[in-house]
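Right, one structure below, let's go through it.
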Amino acid sequence: MSTAILTGPPVPGSQLGPDLRTLGFDVQQALLPDDLPRLLAEVPAGERVALVDPRFLGHVHALRLALTDPRFPAASVPGALTVQAEARPALTRALAGGTHAPAAQVGTASVLADDIAAAIEADGVAVHHPELGSLVATVPADAVAADAAAQAVAAVDDEAVRLRNAVKSRDGFFTTHFISPYSRYIARWCARRGLTPNQVTTASLITALIAAGCAATGTRGGYVAAGVLLILSFVLDCTDGQLARYSLQYSTMGAWLDATFDRAKEYAYYAGLALGAARGGDDVWALALGAMVLQTCRHVVDFSFNEAHVVGTDATANTSPTAALSDKLDSVAWTVWVRRMIVLPIGERWAMIAVLTAATTPRIVFYALLIGCAFAACYTTAGRVLRSLTRRATRTDRAALALAELADSGPVAQLVAARAPRIPGAPVVAAVGAVALIAAALTQPVGSGQVIVAAVFYAVLSGLAVARPLKGALDWLVPPLFRVAEYCTVLILAARSDVSGALPAAFGLVGAVAYHHYDTVYRIKGGSGAPPKWLVRLIGGHEGRTLVVAVLAAVLATRDTDFTLALTALAAAIALVVLVESIRFWVSSGAPAVHDEGETA
């Protein structure tokens with residue numbers, strides 16, 4: 001329960017009290033300002049409290065945006081302020097006169113809620129001011145202003161605004177034109193029946209898993225059903241975010257579910273296609289694993305570049321020629337959609353997979369997926385490299401820390417980094433190690449000790465690459481290079497071993513490790529930092545796991561199914577450890593209360 005305190009005598013005919021109760025608030029009345037400290041003290045310390053001017057006029061959705069969003073310690077619109085538990089001490093100090101700020105004025109009447117909002121902001125609390133657009137939120141100073149405000153409220157349909165705002169402002173072509181026009185109404189239907197975003201997210205996951213099961217049957221009917229269900233799963237995937245925005249139901253559990261289920265659904269579907277193909281006598285596990293590796297590495301490029309440039313630089317704007325060209329293209333509407341489509345975002349990608357599953361074979365699906373994602377990866381990475389080389393900006397300590405955490409360096413790399421000289425050129429060093437390792441895995445005989453030597457060489461160079469802060473123009477490439485080296489080595493060694501079941505086991509191993517890397521990304525995005533160091537050490541870091549797989553391949557690859565069993569055991573151990581720690585973190589009270597908006601890729 002939350003409590004709203006009206007900061008003055010009631011206004012005859014006002015619907016403010018019922019509106020606040022509709023939003024889930026217990027309404028109290030402070031007839032005099034001196035009543036506020038007493039009423040505030042009666043509200044339990046862990047509860048949200050809102051201060052609302054009884055003269056407030058505006059849309060209910062304006063109040064909803066200001067008073068019910070759980071992501072911010074404090075939020076305010078004219079005439080209304082909400083404070084969560086962490087900001088309650090600042091509110092108490094403001095009411096006691098411990099902080100001072102210039103009084104906000106509306107006409108000639110001071111608005112106490114606005115005065116207090118300014119005071120707690122001056123006290124160091126970040127007060128969120130939601131963008132209202134055409135919504136109205138005001139405290140009229142006289143009857144004339146009240147009539148004008150009432151007419152402005154009547155002129156705008158806040159439900160239409162609420163529906164429109166439920167949809168992300170920037171999304172892919174397929175999602176924008178083929179899903180969102182109706183999925184927003186599904187979101188409203190869910191909200192009116194008390195469904196939560198987490199329930200819709202879970203329904204999307206279950207639907208995708210059923211689709212994967214249909215694909216695994218290996219029949220044409222199963223493939224058609226799988227394609228239809230995959231699209232339905234995507235509709236629900238869009239609906240959960242729209243429901244969260246429509247009803248402002250953001251939660252820690254929702255952040256975790258939304259951040260991980262998209263990848264779980266897609267990669268489970270890859271496995272279903274591979275199983276279905278195997279039933280028809282076609283082994284496409286190498287293609288399925290390659291598709292998962294390529295897609296995961298694409299995401300790491302996105303996240304790493306974002307941390308180094310969008311978040312972690314002191315530049316106020318991107319002034320590179322590449323950015324200037326991009327801005328010019330943005331002024332031509334059709335080029336915006338073309339560029340969003342050619343990077344094969346999730347909507348376009350899933351639509352392509354669904355149609356090809358229903359109409360062709362799993363092998364063709366994976367060929368199309370690999371070609372499309374490879375082109376998209378080359379296009380986006382090349383553009384980002386050009387931006388990095390031509391942009392004048394200094395990377396911050398925060399960016400360097402985020403890139404170091406994304407690197408996922410284990411004990412071996414950390415030991416080398418602590419003792420080795422700090423040489424420049426981290427991307428070059430990382431690339432040399434990755435190329436040497438992948439080349440050895442491709443060219444050396446299965447069971448050769450040369451692959452182990454290459455893995456040791458890679459581990460040493462990995463430590464050298466992160467020995468100094470990653471603040472160079474292209475240092476954001478280091479984490480993606482590490483992902484390419486680790487994932488591709490597992491794929492190549494499993495494929496070349498020619499051991500029965502090695503590729504499905506390798507698929508499970510890469511899936512478990514990829515989950516750990518996605519978990520790391522979303523913890524950093526949520527502002528909570530990387531997973532604990534003990535976890536990274538326990539699962540070996542990228543270089544440690546790569547070395548272990550190289551040793552297993554050298555020792556066991558010629559011994560029937562022993563290599564498969566070893567990869568399966570390693571995958572199960574890593575999955576168990578990272579899942580338990582991830583679940584513990586995301587359901588804890590300390591996890592960030594956000595709902596992931598989703599990545600276009």
Side-chain angles (χ1 to χ4, degrees), residues 70-72 168 170-171 196-198 200-202 204-205 208 237-238 240-241 243-245 249-268 292 295-312 345-346 398-409 476 478-480 482-483 486-487 510-536 539 541-542 574-575 577-601:
R71 296 173 296 174
F72 310 102
K168 286 194 296 186
R170 185 183 185 277
D171 219 329
T196 67
N198 294 350
V200 178
T201 302
T202 303
S204 176
L205 174 66
D237 182 58
C238 295
D240 67 355
L243 174 58
R245 288 182 288 273
Q249 295 184 75
Y250 302 98
S251 68
T252 56
M253 179 65 77
W256 175 62
L257 295 178
D258 199 57
T260 56
F261 277 13
D262 277 355
R263 302 289 78 77
K265 289 180 287 189
E266 186 167 0
Y267 298 159
M292 180 165 67
Q295 191 57 37
T296 303
C297 290
R298 281 186 64 198
H299 284 131
V300 174
V301 169
D302 295 340
F303 298 138
S304 189
F305 179 83
N306 182 76
E307 289 299 322
H309 292 79
V310 179
V311 177
I346 187 171
R398 184 213 181 282
L401 176 61
L403 292 178
E405 291 172 336
L406 288 172
D408 191 35
S409 299
W476 58 270
V478 171
F482 289 162
R483 299 297 86 79
E486 180 181 3
Y487 298 162
V510 173
V513 174
Y515 176 87
H516 164 63
H517 290 144
Y518 280 114
D519 188 52
T520 300
V521 164
Y522 285 104
R523 291 193 196 210
I524 294 172
K525 288 180 66 174
S528 299
K533 292 182 179 179
W534 66 261
L535 176 67
V536 177
I539 62 176
H542 68 94
I574 291 174
V577 173
V578 299
L579 277 173
V580 169
E581 164 55 23
S582 177
I583 293 171
R584 182 210 62 80
F585 170 78
W586 286 105
V587 301
S588 70
S589 59
V594 299
H595 189 285
D596 177 58
E597 292 296 308
E599 302 298 328
T600 57

**Asked** Between F303 and Y522, does a ring-ring contact (aromatic ring centres under 6.0 Å, His included) hold up when you go through it step by step?
**Response** CA-CA 9 Å; F303 298 138; Y522 285 104; 5.8 Å; yes
**Prompt:** For W586 and E581, what are the C-alpha separation, side-chain angles and deciding distance, and is it a side-chain contact (heavy atoms from CB on, under 4.5 Å)?
**Reply:** CA-CA 9 Å; W586 286 105; E581 164 55 23; over 6 Å; no
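Between Y487 and F482, the distance from one ring center to the other does not fall under 6.0 angstrom.
Applying the side-chain contact (heavy atoms from CB on, under 4.5 Å) criterion to A575, with sequence neighbours excluded, gives A512. Every side-chain hydrogen bond (donor to acceptor under 3.5 Å, both in side chains) that S204 has, sequence neighbours left out, goes to S233, K265. For D408, the side-chain hydrogen bond (donor to acceptor under 3.5 Å, both in side chains) criterion is met by H516, H517, R545, not counting sequence neighbours. Every residue two or more places apart in sequence or in another chain was checked for a ring-ring contact (aromatic ring centres under 6.0 Å, His included) with Y515, and none qualifies. For F261, the ring-ring contact (aromatic ring centres under 6.0 Å, His included) criterion is met by no residue, not counting sequence neighbours. In this view, E405 satisfies the side-chain hydrogen bond (donor to acceptor under 3.5 Å, both in side chains) rule with no residue, not counting sequence neighbours.
A side chain to side chain contact (heavy atoms under 4.5 Å, CB included) with V521 is found for exactly one of N306, L406, D302, namely L406.
In this pair, F305 and W476 present their aromatic rings perpendicular. The plane angle is above 60°, beyond the 30 to 60° band.
Inter-residue side-chain proximity for L403 and V478 is flagged as unmet; no heavy-atom pair is nearer than 4.5 Å.
Contact record, I524 with A530: CG1-N, 4.2 Å, taken as the closest heavy-atom pair. Minimum interatomic distance between A402 and E307 (heavy atoms only, all atoms of both residues): CB-OE1, 3.6 Å. Taking every heavy atom of both residues into account, A308 and A399 meet most closely at CA-CB, 4.2 Å.
A salt bridge links D519 to R523: one of the charged nitrogens lies within less than 4.0 Å of a carboxylate oxygen.
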